[in-house]
Amino acid sequence: MTKVLYLIACAAGPAEYLDQGVRQARAAGWDVCLILTPSAARWWEPRLPELAELTGHPVRSRYKLPWEKDALPKATAMLVAPLTTTSACKWAAGITDTVALGLPAEGVHLGVPVVAMPFWSTALGAQPAVGRSVATLREQGVRVVFGAGEPHPPKRGDAAGFPWAQGLAALA
């Protein structure tokens, strides 16, 4: 049976290095499908075909229309990385206005293993809603894993050194 990973990225620094995460996941034996928030898709816009070629699947950043067939295979697991404070708060509040939030919000309640790896500053993480959101996601069964150095001091996050492998290991 093929292991299908939905790698879901929000618009935080490590999203610039999403291709590294895809390569690491593929090396670990995953068939990777990319789902991006609209902002993360905008960052990759000129290079989206490169990501589609790398994964062998279309990159999704918006909900499909009712009459459209789903273009991706069913997920075995989901890794939401990097996760921003905005997306964490929306997801925990049940706001699924993007496919990047809707898929893991539904998936965790359908028994799909979901891991989330935040990438945010201590200043943004200090907002009371953020801690409550992390707790709510964990209560729902999402495994929230903070990588080394996270949260990071403002403007000092190591986007290039994002620990994709740590998120992949958390799915095992």
Look up atom [atom1] in [X] and atom [atom2] in [Y], then write down how far apart they are to the nearest 0.5 Å.
X      : Y      : atom1 : atom2 : result
Leu5   : Leu34  : CG    : CG    : 9.0 Å
Glu53  : Leu48  : CD    : CG    : 13.0 Å
Leu168 : Met117 : CG    : CE    : 8.5 Å
Leu18  : Arg47  : CG    : CZ    : 10.0 Å
Cys33  : Met78  : SG    : CE    : 10.0 Å
Glu150 : Gln166 : CD    : CD    : 10.0 Å

### Query
Given the rule in the side chain to side chain contact (heavy atoms under 4.5 Å, CB included) test, do Gln127 and Thr85 qualify, once you have shown the distances and angles that lead to the verdict?
CA-CA 9 Å; Gln127 296 293 326; Thr85 57; over 6 Å; no

Polar side-chain atom of [X] near backbone of [Y] as donor-acceptor pair, under 3.5 Å:
X      : Y      : answer
Glu16  : Ala159 : no
Arg143 : Val114 : no
Ser87  : Leu83  : no

Indicate if [X] and [Y] have the same hydrophobic cluster label, given that clusters are the connected sets of ILVMFWY residues with side-chain heavy-atom separations under 4.5 angstrom.
X      : Y      : result
Val134 : Ile8   : yes
Leu7   : Val4   : no
Val145 : Val142 : no

Heavy-atom closest contact ([X] atom, [Y] atom, distance):
X      : Y      : value
Ala116 : Trp91  : CB-CZ3, 4.1 Å
Thr76  : Pro113 : O-CD, 3.2 Å
Pro163 : Gly147 : CG-CA, 4.0 Å
Pro58  : Ala52  : CA-CB, 4.5 Å
Leu79  : Leu171 : CB-CD1, 4.2 Å
His57  : Leu72  : CB-CD2, 3.8 Å

Find out whether [X] and [Y] are in side-chain contact, i.e. whether some heavy atom of one side chain is under 4.5 Å from a heavy atom of the other.
X      : Y     : result
Arg42  : Pro38 : no
Trp120 : Pro82 : no
Thr37  : Ser61 : no

### Derivation and outcome, side chain to side chain contact (heavy atoms under 4.5 Å, CB included), residues Lys64 and Asp70
CA-CA 7 Å; Lys64 66 180 184 63; Asp70 200 344; 4.1 Å; yes

### Message
For Arg26, is there an ion pair with Asp19 - N to carboxylate O distance below 4.0 angstrom?
### Response
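Salt bridge: no.
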
### Task
Using the side chain to side chain contact (heavy atoms under 4.5 Å, CB included) rule, take Val22 and Thr55 through it: C-alpha gap first, then chi angles, then the decisive distance, then the call.
CA-CA 7 Å; Val22 170; Thr55 63; 3.8 Å; yes

#### Entry: Any residue meeting ring pair (Phe, Tyr, Trp, His ring centres under 6.0 Å) with Tyr17, in chain and number order, not counting sequence neighbours
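Applying ring pair (Phe, Tyr, Trp, His ring centres under 6.0 Å) to Tyr17 gives none.
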
### Query
According to the interplanar angle, ranging from 0 to 90°, do the rings of Phe119 and Phe162 count as parallel (below 30°), tilted (30 to 60°) or perpendicular (above 60°)?
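The rings of Phe119 and Phe162 stand perpendicular, inter-plane angle above 60°.
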
Without placing hydrogens or testing angles, list every side-chain donor-acceptor pair under 3.5 Å for residues 93-110, not counting sequence neighbours.
from   : atom 1 : to     : atom 2 : distance (Å)
Asp97  : OD1    : Lys90  : NZ     : 3.0
Asp97  : OD2    : Lys90  : NZ     : 3.1
Thr98  : OG1    : Leu101 : N      : 3.3
His109 : NE2    : Gln140 : OE1    : 2.9

### Query
Are Trp30 and Tyr6 near enough that their ring centres are under 6.0 Å apart?
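Ring centres of Tyr6 and Trp30 not closer than 6.0 Å.
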
### Task
Could you walk me through whether Leu36 and Trp43 pass side chain to side chain contact (heavy atoms under 4.5 Å, CB included), step by step?
CA-CA 10 Å; Leu36 308 178; Trp43 289 11; over 6 Å; no

